[in-house]
Amino acid sequence: MARSNYPVFVYGTLKANFPNAHKNPGKRQPGRFQTVDPYPLVILGARKSPAMLDACGQGQRVFGEVYIVDDEGLAKLDLLERVNQQDGYHRSAIEVVQQPDNNKLTAFAFLKPLNQELDHNHCLTEYSWQHAQLYVPRGAL
């Protein structure tokens, strides 16, 4: 049976050299990527976790990286991102563009539902290393 490969857009702790990079099973694609549409990228809760909210058209265009994962890698990411758990993310296909070539592709991204009124003043364009310094791993609180 042939394995499938999936592009996954990561915008937070799964990026290269960030706190959960070691849990990312994918192969990084060259370049810097940005969402075609704006999305709210925020820092949530006591763990200071980055979350791109499922509110396409709100927020700002978000920068991140794209990784190629196979079926097993996608299942590992679903487990890590707690897909199908009440407090988890869900996986959605979004459009991203590779910089500087402007090559568009559809990639999976892990999004949190928008459960409250959004404060647009706190939406980020990029999750930085300074933000990652505040991140608390699951189980550390």
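The residues of the chain are indexed from 1 along the displayed sequence.
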Any Leu134 side-chain heavy atom under 4.5 Å of His131 side chain: no
Listed partners of Asn20 passing side chain to side chain contact (heavy atoms under 4.5 Å, CB included), at least two apart: Thr13, Leu14, His22, Lys23, Tyr135
Inter-residue atom distance Leu41.CG - Cys123.SG, 0.5 Å rounding: 8.0 Å
Considering all heavy atoms, the nearest Lys112-Ala51 contact: CG-CB, 3.8 Å
Whether over 12 other heavy atoms sit under 6.0 Å from Asn102 CG: yes
Approximate separation, where rounding is to 0.5 Å, of Glu72 CD and Ser4 OG: 13.5 Å
Same apolar cluster (I L V M F W Y, side chains within < 4.5 Å links), Leu74/Val83: yes
Heavy-atom side-chain proximity of Phe18 to Tyr127 below 4.5 angstrom: yes
Main-chain N/O of Arg61 paired to Thr35 side chain as donor or acceptor, under 3.5 Å: no
Beyond-backbone contact of Val10 with Leu77, side-chain heavy atoms, under 4.5 angstrom: no
Distance-only donor-acceptor check, side chains Tyr6 and Asp71, under 3.5 Å: yes
Val36/Lys104 under side chain to side chain contact (heavy atoms under 4.5 Å, CB included): CA gap, chis, key distance, verdict: CA-CA 8 Å; Val36 170; Lys104 278 189 188 178; 4.2 Å; yes
Below 3.5 Å, can you tabulate the donor-acceptor pairs from side chains in residues 25-32 to any protein atom, sequence neighbours excluded?
{"residue": "Arg28", "atom": "NH2", "partner": "Glu65", "partner atom": "OE2", "Å": "3.3"}
{"residue": "Gln29", "atom": "NE2", "partner": "Lys27", "partner atom": "O", "Å": "3.0"}
{"residue": "Arg32", "atom": "NH2", "partner": "Glu126", "partner atom": "OE1", "Å": "2.5"}
{"residue": "Arg32", "atom": "NH2", "partner": "Glu126", "partner atom": "OE2", "Å": "3.4"}

Nearest-0.5 Å distance, CZ of residue Phe108 to NE2 of residue His90: 12.0 Å
ILVMFWY network linking Leu44 to Leu114, side-chain heavy atoms under 4.5 angstrom: yes
Shortest non-hydrogen contact from Ala107 toward Val96: CB-CG2, 4.3 Å
Side chains of Ile94 and Met52 in contact at under 4.5 Å (non-hydrogen atoms): yes
Min side-chain heavy-atom separation Ser92-Leu111 under 4.5 Å: yes
Check: Lys48 side chain, Gln133 main-chain N or O, donor-acceptor pair, under 3.5 Å: no
Heavy-atom side-chain contact between Gln99 and Gln34 under 4.5 Å: yes
Minimum side-chain heavy-atom gap Tyr39-Cys56 below 4.5 Å: yes
Nearest-0.5 Å distance, CG of residue Leu80 to CZ of residue Arg138: 8.0 Å
Gln60 versus Thr125, side-chain donor and acceptor atoms under 3.5 Å: no
Neighbour count above 12 (heavy atom, 6.0 Å) for Asn103 CG: yes
Steps toward side chain to side chain contact (heavy atoms under 4.5 Å, CB included) verdict (Phe33, Val97): CA-CA 5 Å; Phe33 292 81; Val97 62; over 6 Å; no
Salt-bridge criterion met for Asp87 and Arg82 (N-O under 4.0 Å): yes
Within one Ile-Leu-Val-Met-Phe-Trp-Tyr cluster: Val136 and Trp129, side-chain cutoff 4.5 Å: no
Shortest non-hydrogen contact from Pro50 toward Gly12: CG-CA, 3.8 Å
Separation of Glu95 CD from Leu105 CG (nearest 0.5 Å): 7.5 Å
Closest approach of Pro19 to Ala132 (non-hydrogen atoms, all atoms of both residues): CD-CB, 3.8 Å
CD-CG distance between Gln58 and Asp37, expressed to the nearest 0.5 angstrom: 12.0 Å
pair Leu53-Val42: side-chain heavy atoms closer than 4.5 Å: yes
